[in-house]
Amino acid sequence: MIHFVGAGPGAADLITLRGAEHLRTADAIVYAGSLVNPALLAYAKDGCRVYNSAEMTLEQVLDVLLAAEKAGQTAVRLHTGDPSLYGAVREQMDALKAQGAAYDVTPGVSSFCGAAAALNAEYTLPGVSQTVIITRLAGRTAVPEREALASLAEHGASMVLFLSAGMLPAVREALLQGAYTPDTPAALVYKATWPEQRVARCTVGTLAQLGEETGIHNTALILVGDFLGPDYERSKLYDPAFTTGFRQGEAT
Ligand code: SAH
């Protein structure tokens with residue numbers, strides 16, 4: 001059996017109970033060494049074979065996973081955050097499926113959730129935004145033209161940019177072509193939930209400057225939107241006057 005496991009954003013105790021159990025029982029672990037906290041490998045049993053996928057090709061990763069599976073062993077493919085975001089997992093799952101290998105997926109806490117926690121923030125504030133746009137600037141991986149950052153920025157929604165902290169001037173320019181202004185709150189979160197986590201608040205206008213000042217250029221998320229500002233409306237769900245399926249509202 002092969003388990004794809006989300007490692008969580010960094011802190012070793014932010015993996016799920018199920019994910020930790022898979023690590024404890026694995027005969028082989030292939031972990032994304034560029035971003036997964038090596039402290040998670042402490043869950044592995046004695047004799048577990050451990051491979052760092054940062055130094056491997058897709059084919060080499062598949063060889064390790066398939067060899068374990070064919071030998072009746074258990075393998076874990078450990079991805080940072082949640083595997084479904086920028087995880088390159090689909091190509092692995094499709095290749096395993098083509099070989100008839102059994103696999104499943106255990107989700108993880110994505111870094112965008114870790115970053116919100118670091119900022120004590122809520123992405124979906126009433127009266128501010130009810131949408132979170134998760135995107136990136138194009139790097140070696142292209143972004144479809146219809147998803148150009150400037151056009152996504154037209155919504156003015158809460159936004160999280162992965163894989164883009166090394167391109168802050170370009171991020172700022174694209175955001176300003178949309179609904180955001182130089183005063184829209186923004187933040188850089190470096191290594192959210194790791195011991196070396198750093199959080200820097202700024203505005204869209206000062207994003208690039210903040211990158212220079214802090215030296216944060218990678219392993220960071222850019223958060224943008226008025227959800228980082230002071231104003232919002234209180235929830236209807238917990239409003240005393242509001243009736244829900246679970247609670248009768250008080251007459252006002
Ligand atoms: N699947 C992962 C994302 C992998 S892409 C997830 O769900 O979080 C790698 C990018 O994710 C990094 O370049 C960075 O932008 C972001 N990232 C991953 N872990 C992070 C963390 N702990 N803090 C801030 N950003 C992180």
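Hydrogens, waters and symmetry mates play no part in the numbers below; they use all other heavy atoms, side chains included.
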Taking Thr203 for its side chain and Pro182 for its backbone only, find out whether a donor-acceptor pair lies under 3.5 Å. yes
Knowing that exactly one of Ser110, Ser164, Ser111 qualifies, which makes a side chain to side chain contact (heavy atoms under 4.5 Å, CB included) with Leu221? Ser111
Using the rule given for side chain to side chain contact (heavy atoms under 4.5 Å, CB included), can you reason through Ile2 versus Gln92, listing the C-alpha separation, both sets of side-chain angles and the distance that settles it, and then say yes or no? CA-CA 11 Å; Ile2 297 160; Gln92 298 174 73; over 6 Å; no
Within this structure, what is the CZ-CE distance for the pair Arg136 and Met167, rounded to the nearest 0.5 Å? 6.5 Å
Please lay out, stage by stage, how Tyr31 and Asn52 fare under the test side chain to side chain contact (heavy atoms under 4.5 Å, CB included). CA-CA 5 Å; Tyr31 74 104; Asn52 178 359; 3.9 Å; yes
Could you see if Tyr51 belongs to whatever hydrophobic cluster contains Val89? Use Ile, Leu, Val, Met, Phe, Trp, Tyr and a side-chain cutoff under 4.5 Å. yes
Glu212 side-chain N/O to Gln209 backbone N/O, donor-acceptor pair under 3.5 Å: no
Are Val109 and Val160 linked, directly or through other ILVMFWY residues, by side chains that come within less than 4.5 angstrom of each other? no
Roughly how far, to the nearest 0.5 Å, is the CD atom of Gln177 from the CG atom of Leu152? 12.0 Å
Of the non-hydrogen atoms in Ala115 and Ala192, which two are nearest, and what is the gap between them? N-CB, 3.8 Å
With a 4.5 Å cut-off on side-chain heavy atoms, are Tyr123 and Leu223 touching? yes
How are the rings of Phe4 and Tyr103 set relative to one another: parallel (under 30°), tilted (30 to 60°) or perpendicular (over 60°)? perpendicular
Less than 4.0 Å between a side-chain N and a carboxylate O, is that true for Arg24 and Glu21? yes
Does any non-hydrogen side-chain atom of Tyr43 lie less than 4.5 Å from one of Ile29? no
Same apolar cluster: Val61 and Val36, side chain cutoff 4.5 Å: no
Mind running side chain to side chain contact (heavy atoms under 4.5 Å, CB included) on Leu35 and Thr219 for me, showing each step along the way? CA-CA 8 Å; Leu35 280 167; Thr219 326; 3.4 Å; yes
Carefully, step by step, assess Leu149 and Leu161 under the rule side chain to side chain contact (heavy atoms under 4.5 Å, CB included). CA-CA 10 Å; Leu149 185 55; Leu161 287 131; 3.8 Å; yes
Given side chains that start at C-beta, do those of Leu163 and Tyr86 come closer than 4.5 Å, heavy atoms only? yes
Atom NZ of residue position Lys97 - does it have more than 12 heavy atoms of other residues, nucleotides or ligands inside 6.0 Å? no
Can you tell me how far apart CZ (Arg247) and OG1 (Thr244) are? Round to the nearest 0.5 Å. 5.5 Å
Please examine the side chains of Ser129 and Met159, heavy atoms only from C-beta on, and report whether any two atoms are closer than 4.5 Å. no
Just by modelled atom types, is the Val204 backbone N or O under 3.5 Å from a matching donor or acceptor in the Thr184 side chain? no
Could you tell me which non-hydrogen atom of Pro185 sits nearest to which non-hydrogen atom of Leu228, and how far apart they are? CB-CB, 3.6 Å
For Ala7 and Leu40, work out which heavy atoms get closest and say how close. CB-CD1, 3.6 Å
Less than 4.5 Å apart, any side-chain heavy atom of Arg49 and any of Val64? no
For the residue pair Ala153 and Ala174, what are the closest heavy atoms and their distance? CB-O, 3.9 Å
Determine the minimum heavy-atom distance between Leu66 and Ala101, stating which atoms define it. CD2-CB, 3.7 Å
Any idea how His3 and His22 line up, ring-wise: parallel (<30°), tilted (30 to 60°), or perpendicular (>60°)? parallel
Is it true that, when you exclude Arg146 itself, more than 12 heavy atoms of the residues, nucleotides or ligands shown sit nearer than 6.0 Å to its CZ? no
Group every Ile, Leu, Val, Met, Phe, Trp and Tyr by side-chain heavy-atom contacts under 4.5 Å, then state whether Tyr190 and Leu168 land in the same group. yes
If you define the side chain from C-beta out and look only at heavy atoms, does anything of Pro9 sit under 4.5 Å from Thr80? no
Between the side chain of Ser53 and the main-chain N/O of Met56, is any donor-acceptor distance below 3.5 Å? no
Taking side chain as C-beta onward, heavy atoms only, is Val132 less than 4.5 Å from Thr124? yes
Does atom CD of Glu145 have more than 12 heavy-atom neighbours from other groups under 6.0 Å away? no
May I ask you to decide if Ala26's main-chain N or O and Thr74's side chain share a donor-acceptor pair within less than 3.5 Å? no
Looking just at side-chain N and O atoms, do Asp183 and Thr181 make a donor-acceptor pair shorter than 3.5 Å? no
Check: Leu62 and Gln99 side chains under 4.5 Å, non-hydrogen atoms: no
Do side-chain atoms of Tyr180 reach the backbone of Ala157 as a donor and acceptor pair under 3.5 angstrom? yes
List the atom of Trp194, the atom of Asn37, and the distance in Å for their closest heavy-atom pair. CH2-CA, 3.4 Å
Side-chain donor/acceptor of Gln197 to backbone N/O of Val189, under 3.5 Å: no
Look at the side-chain heavy atoms of Ile, Leu, Val, Met, Phe, Trp and Tyr, link any pair under 4.5 Å apart, and say whether Ile216 and Val171 land in one connected group. yes
Atom pair CG/CG of Leu188 and Leu207 - distance to nearest 0.5 Å: 6.0 Å
Pairwise distance CG(Leu119) to CZ(Phe227) - rounded to 0.5 angstrom: 7.5 Å
Which value, rounded to the nearest 0.5 Å, describes the distance between Asp82 atom CG and Thr16 atom OG1? 10.0 Å
So for atom CG, which belongs to Leu237, do other residues, nucleotides or ligands contribute more than 12 heavy atoms lying within a distance under 6.0 Å? yes
